[in-house]
Amino acid sequence: MTEGLQTQNLTIGYDTDLVKDICIKAVPGTVTTLIGPNGCGKSTLLKTLTGELKKKGGTVLIGDTDMSMMKASEIASKLAMLMTASVKPELMTCREVVETGRYPYTGFLGILSEEDKKITQRVIEETGLQDIADREFLNVSDGQRQRVMLSRAICQMPEILVLDEPTSYLDIRYKVDILENIKRLACDNKLTVIMSLHELDIAMKISDFVVAMGEWCVKRTGTPTEVFEERFIRELYGIRNMDIGLLGNMPWISPDELSLSTDGDVPVLSLLTNEKTGRKESAENESVSESVLSSLTEKNAECKEIEENISDGSDVLSSSINIDEKFTDASLNASSKSDKIVSTQKKYAEGGDKLQKTSKRKGAVAVMVQGTMSNAGKSLIAAGLCRVFSRDGYRVAPFKSQNMALNSFITEEGLEMGRAQVVQAECAGVKPDVNMNPVLLKPTNDTGSQVIIKGKVSGNMSATEYFKHKKELIPKIMSSYEYLKANNDIIVIEGAGSPVELNLKKDDIVNMGLAEMTDASVILVGDIDRGGIFPQLLGTLELLEDKERNRVKGLIVNKFRGDISLFDEGVKILEEKGHKKVLGVVPFMDINIEDEDSLTERFEKREEKNFDIAVIKLPHISNFTDFYVFEEIKEVSVRYVTKQEDIGNPDILIIPGTKNTIFDLRWLKEKGLDKKIISLYKGETVIFGICGGYQMLGNSISDPFNVEQGESEEGLGLLDVDTVMEEEKVRTSFEGIITDATGCLKNIKDCKVNGYEIHMGRTACKGDLKEFTSNQTGYCRGNVFGSYVHGLFDNKEIFTGIIKAVAGKNSKTVDTKDCIDWYMYKKSQYDKLADCIRNSLDIKGIYEMMGL
C-alpha cells in the first residue's frame with residue numbers, strides 16, 4: 001500500500017521561480033480539496049506534480065520513493081486521474097470506455113484478460129452503470145459520462161485518485177451521485193482522494209482537508225472549519241468590500257455558526273442555525289446528500305493519524321494534494337492552524353492572463369496543421385505552435401495519428417514513437433508520450449513496413465494489408481487522443497502528406513478524416529520555396545469536399561526567401577480566390593531542429609569544411625539525428641554520401657542505423673563502398689558504426705527468423721563480432737559510460753552516455769576487443785568504434801572530445817569553446833523557432849479560431 005505522497009522543498013515555476021520550498025504530506029483515506037481564484041497558481045503546481053512542467057527544485061515522493069525514479073508502470077499501478085473534459089471517444093460504448101482503465105495491465109494490443117473483464121464488470125455494477133454500459137458513450141448525458149469516466153479511473157485500481165473539478169457542469173442529481181461515489185471510495189477503499197473544486201459549499205462539506213491558494217502561494221490549509229472563515233475567504237477571492245447577496249448564502253464559518261464535536265479529539269463540523277439570518281444548513285437543502293455530509297464523522301478514527309501530526313504549537317500542517325497525468329501525481333503545500341503562510345510568493349512574469357484561461361478549461365481544443373504535400377513544413381510549424389502556446393501558459397501536447405518515418409525514438413517506458421512528435425513534445429515542454437503518435441510505420445522495403453502500435457511492434461505488413469486493416473486502429477488512435485485531450489488545453493495535430501490524395505481518402509485516419517473525428521480546426525500550409533504556391537493552396541482547397549473546406553480556417557505560406565513584403569499582393573490573391581484568411585508568411589528558417597524522415601534537405605549538402613564528417617546514406621537510413629550535434633560547430637561539415645568517389649578523405653566516417661541491415665549491407669558492397677571503407681580503415685581514419693552500422697562492422701549478420709532478408713551476409717570484418725537477428729526488438733533507454741576508448745579517442749574514456757537502444761539483433765564479441773559503451777552495447781579496436789546506443793554523441797564532453805582528438809591527430813585546429821550542451825542547444829533552437837512563428841503568424845487569430 002502506498003504510504004501517501006509528499007513533497008520536500010519543492011520549487012515550481014516557468015522561466016522564473018514562482019513558489020519555493022513546498023513541503024506537504026498526504027495520507028490514504030482522506031479527501032483533500034484545492035480551492036482558490038482563477039490564475040492563482042493551482043494549475044502550475046499541479047502540472048509540476050504531474051510532470052507536465054519540470055520542477056525547478058526539490059523532490060516529490062510516493063511513499064519513500066522519489067517519483068522521478070519510478071517507472072511509468074509503477075506509477076500507473078498507484079495513480080489514476082479523472083479530468084472533467086468533453087471527451088468524445090468515437091464509436092465506443094460506455095463499457096469500452098471503462099475498459100480502457102485496464103490498459104496499463106494489458107499487452108501492447110490492449111487485449112483484456114478474463115480477469116480484466118471481471119474487474120470491469122464489478123466496477124460497472126458498483127457505480128450503477130449496468131443500464132447504460134452497452135450504449136454509445138456519445139449518446140448518454142453529461143452526468144452519465146462523468147460517472148463512466150469515474151468508473152474508468154476506478155477500473156485502474158489506483159491507490160491515489162485525482163479529480164479535476166468533477167462536479168462542473170452537472171445538475172444537482174449527478175453532483176450528488178458523483179460525490180457519494182467519491183466519498184465512498186475514500187472511506188471503503190482507503191484511497192487518497194484529491195480534487196479541485198470551484199463550489200465552496202461542496203468543498204466545505206466533503207473535504208477532510210482544504211488547501212487555499214492565492215497570489216502564487218499557499219495561503220491557508222486545514223480542516224474546513226479552519227479555512228472557511230468569512231474574512232479569509234473574502235480576502236482570498238478579492239471580494240472584501242463587495243455585496244455578494246446575489247450569490248445567496250456563502251459557505252463560510254462565522255463564530256456564531258460554528259460548533260465542534262470533539263469525539264475522538266478530531267474536529268467534526270456541524271452547522272447550526274444562524275441567529276442573524278435564520279439560515280439553517282443541512283444536507284437536505286444542499287446539493288450534497290446527507291450520506292456525504294454524515295460520512296465526515298466516519299473519518300474520525302482515520303483522521304487521528306493525521307491529527308497527531310498537528311500540535312498546538314506547530315507551524316505547518318502537512319496536508320496534501322496529488323495528481324496524475326496518465327498515472328502521474330500531484331500534491332500541495334501546507335500552512336498551520338494559525339494562518340501562517342509557508343511558501344514564497346512570486347508574480348507570474350509572462351502569460352498570466354493565459355494561465356487564467358487555462359484554469360477554466362475542461363478539455364483540450366484541437367488545431368490541425370495539414371500540408372499541400374510532403375515536406376511542406378507541417379512538422380516545423382506544428383512544433384513552433386507547440387512552443388508558442390506553451391510559453392503562453394497553456395498545457396500543450398502534439399498528436400499525429402499515423403507517422404511513416406525511419407527516425408524513431410524510445411521513451412522512458414521503452415516504447416517507440418516518431419521523432420517529429422518527440423521534437424514537438426520538447427517544444428511544448430513535456431515528456432514524449434507514445435500516445436502522441438499511436439501508429440508508427442517504419443518502411444522495410446519499397447512495398448512494406450513494420451507496424452508499431454502504441455510503441456510496440458505489431459508485425460510487418462505490405463501496403464495492401466495495412467490499408468485493408470487500418471480503420472480497425474481508430475479506437476486505439478482515439479483512445480490516445482482522448483487521453484491527451486483530457487490532460488491538456490491545446491492539442492496540436494499534424495497531418496500527413498496531402499489531404500487531397502484522392503486515391504487514399506477512403507477511410508482516412510490522418511488528415512481530414514482525423515480532423516472530423518477530433519473536431520479540429522485546420523490550418524493549411526504550402527511550401528513557396530518549391531514553387532507553385534497558388535496551385536498548391538488553391539488547388540488543395542478546390543479538391544476538398546465542402547464540409548472539409550469549411551474546416552480550413554486559415555492558410556500559411558511557408559519557406560519564403562527574401563523580402564516578405566513582396567508577397568503582399570500574393571496574400572490578397574490567396575484570400576480573394578481561396579476565401580480563407582492567410583495567417584502569415586513564414587520565412588525560410590535557418591534552424592537546426594531534428595527532421596522527421598529521409599526528405600530532409602541535409603542530405604543535399606556537399607560542402608567540405610576544415611573538419612569533415614562523411615555519413616553513408618544507406619537506402620533505409622534511420623535515426624540520422626544522431627549526428628546533428630556536430631552541426632553545432634561551424635568549422636565542421638556533415639555530408640551524406642552514396643558514392644565511393646563522394647566520400648573523399650573525411651576526418652570521420654560514420655555508418656548509421658538502418659531499418660534493413662542486410663539489404664543495406666549488400667547495397668553498400670554493390671556500390672563499392674566497402675572497399676573505400678576498408679581503405680580508410682587502413683589509413684587509420686576514425687570510423688563509427690551506430691546500431692545497424694555497428695552490425696555491418698562485424699564479421700557476419702545472420703537472419704534465421706527472416707526478420708529482414710533471411711539468410712546471412714558477411715560483414716566488413718573491422719570488428720570481431722557476430723550478429724544474429726532476433727524476433728524480439730530491443731527497445732530501452734540507456735544510461736552508462738564509455739568503458740574504454742582505443743586509438744586516438746582515449747580522452748573520452750569514462751564519459752557518461754545517455755541515449756536509447758532500438759534494434760532487432762544481438763551482437764556477441766568473438767575476439768580481443770575493448771568494450772566501448774558499457775553493458776556490452778558496443779566494442780572498439782584501434783580507430784574503429786561500434787555501438788548500439790543512439791544519442792551517443794549528445795554529451796558535450798563526448799562530441800567535443802572526439803572533435804578535438806581527431807583534429808589533433810590530423811594536425812587541425814577546431815574551435816569548440818562556444819559549444820554548449822546539446823539539450824541547451826536544442827532549447828535555444830526551439831525558442832528561435834517560436835520567436836519566428838510568433839513574429840510571422842497571426843497568433844491572436846489562431847487563438848480565436850480555437851475559441852481561446
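Computed from a predicted structure; not experimentally measured.
- The ring pair (Phe, Tyr, Trp, His ring centres under 6.0 Å) check on Phe793 picks up Phe630, Phe688, with sequence neighbours excluded.
- Partners of Asp612 by side chain to side chain contact (heavy atoms under 4.5 Å, CB included), not counting sequence neighbours, listed by chain and number: Glu608, Ser637, Arg639, Pro650, Asp651.
- For the side chain to side chain contact (heavy atoms under 4.5 Å, CB included) test, residues two or more places apart in sequence or in another chain that qualify with Leu380 are Met589, Ile593, Leu833.
- Under the side-chain hydrogen bond (donor to acceptor under 3.5 Å, both in side chains) criterion, Lys676 pairs with no residue at all, not counting sequence neighbours.
- Among residues two or more places apart in sequence or in another chain, the side chain to side chain contact (heavy atoms under 4.5 Å, CB included) test is passed with Lys832 by Ile591, Gln829.
- Sorted by first and then second residue, the side-chain hydrogen bond (donor to acceptor under 3.5 Å, both in side chains) pairs involving residues 573-589 (not counting sequence neighbours) are Lys581-Asp842.
- The ring pair (Phe, Tyr, Trp, His ring centres under 6.0 Å) search around Tyr756 returns Phe409, His790, not counting sequence neighbours.
- Scored by the side-chain hydrogen bond (donor to acceptor under 3.5 Å, both in side chains) test, Asp590 finds no partners at all (sequence neighbours excluded).
- Applying the ring pair (Phe, Tyr, Trp, His ring centres under 6.0 Å) test to Phe611 and every residue at least two apart in sequence or in another chain returns nothing.
- For the side chain to side chain contact (heavy atoms under 4.5 Å, CB included) test, residues two or more places apart in sequence or in another chain that qualify with Glu472 are His469.
- Residues satisfying the side-chain hydrogen bond (donor to acceptor under 3.5 Å, both in side chains) test with Asp664, not counting sequence neighbours, are His620, Thr658.
- In terms of the salt bridge (Lys or Arg N to Asp or Glu O under 4.0 Å) criterion, Arg731 has no residue partners (sequence neighbours excluded).
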